[in-house]
Amino acid sequence: MPQGQPAVVPDDGMTTRQRRNRPLLAVHTGPGKGKSTAAFGLALRAWNQGWPIGVFQFVKSAKWKVGEENALRVLGASGEGGTVAWHKMGEGWSWVQRDGQDSNEDKAREGWEQVKRDLAAETYRLYVLDEFAYPLHWGWIDTAEVVETLRARPGNQHVVVTGRNAPRELIDAADLVTEMTKVKHPMDAGQKGQRGIEW
């Protein structure tokens, strides 16, 4: 088991175990490649721990077959680790301009409404909100509402948001932010690594 030590241990009355096992909000942003790939790597760790996983793709077309989807669906159905549910919204509208933008906005909003329902029901232990930073950046979904909802989520639910141009409010609310370099890390706030996140 990794033995990393946080640089600071807050005097907040929490035990090491309590601090280690608190749910995280992670953001993978920036112009570089690998934001979704890193989130799906995190999903593999969560699958190995037996966690139920919900993947919500907000930009990639429902017609695209990405390798991570097939791999995680097979793993989720294997009975060996956690279950995997995969939800697709949108028609590739981050880089393909076509008629029906209102429809794309509606699909993004519908996707967010489903995420809110699942968070309230504690449906998953890990949520991958893939390319979710785009509809926030474009103003299709209210960032303040997203931040408030994610801060108030019940139970032990981890959330990772990917996409370029993540809004500052989301980055500030996050526990872990990656922009191809370290921006924030839970150890900076006194939290040690935990199962399903670091290993």
Heavy-atom distance under 4.5 Å between the side chains of L119 and V115, does that happen here? yes
According to a 4.5 Å side-chain heavy-atom criterion applied to Ile, Leu, Val, Met, Phe, Trp and Tyr, with indirect links allowed, do L176 and V9 form part of one hydrophobic cluster? no
Over all heavy atoms of both residues, which pair between T162 and A39 is shortest? Give the atoms and the distance, please. CG2-CB, 3.7 Å
Answer yes when R151 and E148 have at least one side-chain N-carboxylate O distance shorter than 4.0 Å, and no when they do not. no
Verify whether one side chain among Y127 and Q157 offers a donor that lies under 3.5 Å from an acceptor in the other. yes
When you measure from the side chain of Q18 to the backbone N and O of T15, does any donor-acceptor pair fall under 3.5 Å? yes
Under the 3.5 angstrom rule, does the side chain of N165 hit a backbone N or O of H137 as a donor-acceptor pair? no
State, with a plain yes or no, whether a side-chain heavy atom of D172 is found less than 4.5 Å away from one of L170. no
Any chance the side chains of W86 and Q57 put a donor and an acceptor closer than 3.5 Å? yes
Kindly give the heavy-atom pair with the smallest separation between A108 and I141, and that separation in Å. O-CD1, 3.5 Å
Checking salt bridge (charged side-chain N to carboxylate O under 4.0 Å, His left out) for the pair E110/K107: CA distance, chi angles, key distance, verdict? CA-CA 5 Å; E110 288 170 18; K107 288 176 184 177; over 6 Å; no
Modelled atom types, side-chain donor and acceptor of E145 and W112, under 3.5 Å: yes
Take E105 and R109 through the salt bridge (charged side-chain N to carboxylate O under 4.0 Å, His left out) test and state the conclusion after the steps. CA-CA 6 Å; E105 291 183 41; R109 287 189 195 103; 3.2 Å; yes
Can you find a heavy atom in the side chain of F40 that is under 4.5 Å from one in the side chain of D130? yes
With a 3.5 Å distance limit and no angle check, can you tell me whether R19 reaches the backbone of T16 through a side-chain donor-acceptor pair? no
Expected output: side-chain T29 to main-chain A166 donor-acceptor under 3.5 Å: yes
So, do E179 and I171 sit near enough that their side-chain heavy atoms are less than 4.5 Å apart? no
Are E131 and R164 close enough, and set up right, to give a salt bridge (charged side-chain N to carboxylate O under 4.0 Å, His left out), and what steps lead you there? CA-CA 8 Å; E131 311 288 7; R164 293 181 183 214; over 6 Å; no
Carboxylate-amine/guanidinium contact E122 R153, below 4.0 Å: no
Look up atom OG1 in T149 and atom CG in D142, then write down how far apart they are to the nearest 0.5 Å. 9.0 Å
Is the CZ atom of R117 crowded by more than 12 outside heavy atoms at less than 6.0 Å? yes
Considering all heavy atoms, the nearest P167-T143 contact: CG-OG1, 3.6 Å
Exam field: side chain H28 to backbone K35, donor-acceptor pair closer than 3.5 Å: yes
Any luck finding a side-chain donor-acceptor pair between R22 and Q191 under 3.5 Å? yes
May I ask you to check whether over 12 heavy atoms, not counting those of D11, lie within 6.0 Å of atom CG? no
Any donor-acceptor N/O pair, W47 side chain to V84 backbone, under 3.5 Å: no
Given 3.5 Å as the limit, does a donor-acceptor pair link the side chain of N48 with the main chain of L44, or not? no
Measuring only between side-chain heavy atoms, which start at C-beta, is L126 closer than 4.5 Å to L42? yes
Parallel, tilted or perpendicular: which describes the rings of W51 and H158, with under 30° parallel and over 60° perpendicular? parallel
